[in-house]
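Numbering of ligands and ligand atoms starts at 1, following listing order.
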Amino acid sequence: MSTKPSSLRLGVNVDHVATIRNARGGAHPDPARAAIVAAEAGADGITLHVREDRRHVREEDLARLAKAVALPINLEMACAPEMLDLALAAAPHACCLVPERRDERTTEGGLDAARQHNLIAPYVRRLRDAGIRVSLFIDPDRDQVAAAAGLGAPVVELHVGAYCDAIASGHGAEAERHLSALRRAAEEGDRLGIEVHAGHGITFESVGPIAAIPQLRELNIGHFLIGEAIFSGLAAAVREMRHRMDAARADPT
Ligand code: PXP
């Protein structure tokens, strides 16, 4: 998909452009315009999460975005019949199945791929049958990776929120433990022939050690980039993230 020398793709999540828009209603700022800027600045894909409560992007954003940029679209979605219908109608390049609770501020943990096998399996099957690349958003745990493989998911996205939180709060030893778990989960995915992605909470500070994990093929990053755009502009924020990913990849020490 990417023509860049780095084999690590950057998916830019534009949900929070819509969060700002929705604070006032109307059309500004437009997530589709943000997607165009992100594409020009080096994003390899655009990610968005249509939530049950439509708190940020909505289905019409998905349709406009898909027209506005030539990049692959990755739709994050809950295992819910309404979302399956939406995904099958929109036919994005990829869907990432995520857990969703109305009262959570953001996606707080990964899917329990082992215990929720019967819930998740039909969604993986229906999306795969429609030619959509399916990933499961899971905690960085080898058993979860194995369960995702058992579900026939070709891709997993590892939830790196705990690692990023530990970095942000200066808890170095805890961060190292989370990083080791991430490395083990990425190795397990690779061993099982699954493509491994990572996302949630990634910042300029935390991206390097994550990007240096050689099995990772894609990072999905949203909130920090949109926040940083207030200070430096979205294009500059995306370029800087891209630069840090490539630098970590070139020199993983
Ligand atoms: N990946 C998944 C599966 C997510 O649910 C989210 C949050 O919507 C992200 C990545 C992006 O996280 P953040 O906005 O914290 O960068």
Side-chain angles (χ1 to χ4, degrees), residues 8-20 22 31 34-35 38 43-58 61-62 65 72-80 83 87 92-102 104-113 120 123 127 133-140 144-145 148 153 155-168 178 182 185 189 195-207 210-211 216-230 234 237-238 240-242 244-245:
L8 184 61
R9 299 187 298 265
L10 170 60
V12 172
N13 181 317
V14 296
D15 287 348
H16 295 299
V17 177
T19 305
I20 300 171
N22 298 352
D44 299 291
I46 300 298
T47 293
L48 68 173
H49 183 177
V50 178
R51 279 183 169 266
E52 191 192 5
D53 62 9
R54 308 297 195 273
R55 71 176 70 158
H56 32 61
V57 288
R58 306 183 278 252
D61 293 316
L62 174 59
L65 252 154
I73 304 287
N74 173 33
L75 173 66
E76 296 172 0
M77 57 175 269
C79 291
M83 291 303 154
H93 168 75
C95 283
C96 179
L97 298 176
V98 301
E100 194 175 304
R101 284 189 293 113
R102 246 173 206 267
E104 68 188 354
R105 220 182 285 171
T106 180
T107 314
E108 280 166 6
L111 284 171
D112 192 339
I120 300 167
Y123 287 86
L127 292 166
R133 188 196 72 186
V134 189
S135 70
L136 302 187
F137 189 44
I138 56 171
D139 288 331
Q144 290 293 340
V145 177
V155 181
V156 291
E157 180 168 326
L158 302 177
H159 194 312
V160 295
Y163 170 72
C164 296
D165 286 350
I167 290 286
H178 289 305
L182 281 167
E195 184 170 310
V196 187
H197 302 174
H200 209 283
I202 298 175
T203 64
F204 287 159
E205 204 187 353
S206 56
V207 72
I210 297 171
L216 293 182
R217 290 286 166 262
E218 180 173 309
L219 303 184
N220 283 298
I221 311 179
H223 182 266
F224 176 80
L225 286 174
I226 304 307
E228 195 60 18
I230 294 169
L234 182 58
V238 170
E240 178 64 20
M241 192 60 87
R242 175 87 256 164
R244 288 177 186 241
M245 286 166 58

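For ligand 1, the atoms sitting less than 4.0 Å from at least one non-hydrogen atom of Ile221 are 16 (O), numbered in the order shown with element in parentheses. When each atom of ligand 1 is checked for a heavy atom of Val98 under 4.0 Å away, the hits are 3 (C). Taking a cut-off of under 4.0 Å to the non-hydrogen atoms of Gly201, the atoms of ligand 1 that pass are 12 (O), 13 (P), 15 (O), 16 (O). Proximity to Asn220 (heavy-atom distance under 4.0 Å) selects the following atoms of ligand 1: 10 (C), 11 (C). Below 4.0 Å from some heavy atom of Asn13 lie the following atoms of ligand 1, by number and element: 8 (O).
Using cut-offs of 30° and 60° for the angle between ring planes, the His159 and Phe137 rings count as parallel.
Partners of His178 according to the ring-ring contact (aromatic ring centres under 6.0 Å, His included) rule, which considers only residues two or more places apart in sequence or in another chain, do not exist here.
No side-chain donor-acceptor contact under 3.5 Å links Asn13 to the backbone of His223. The backbone N or O of His197 lies less than 3.5 Å from no partner atom in the side chain of Glu218, so there is not a single donor-acceptor pair. Remark: the backbone N or O of Arg242 is not paired with any side-chain donor or acceptor of Arg244 at under 3.5 angstrom.
For Arg55 and Asp53, the salt-bridge test passes: some basic side-chain N is under 4.0 Å from an acidic carboxylate O.
In terms of polar-atom proximity, Glu157 is counted as a contact of ligand 1, with an N or O under 3.5 Å from an N or O of the ligand. Remark: ligand 1 and Gly222 share an N or O pair separated by less than 3.5 Å (distance only, no angle test).
Contacts of Glu76 with ligand 1, taken as heavy-atom pairs under 4.0 Å, involve the side chain alone.
Selection from His200, His159, His223 by nearest heavy atom to atom 7 (C) of ligand 1 gives His200.
None of Glu157, His200, His49, Glu76 except one satisfies the side-chain hydrogen bond (donor to acceptor under 3.5 Å, both in side chains) rule with Asn220; the exception is Glu157.
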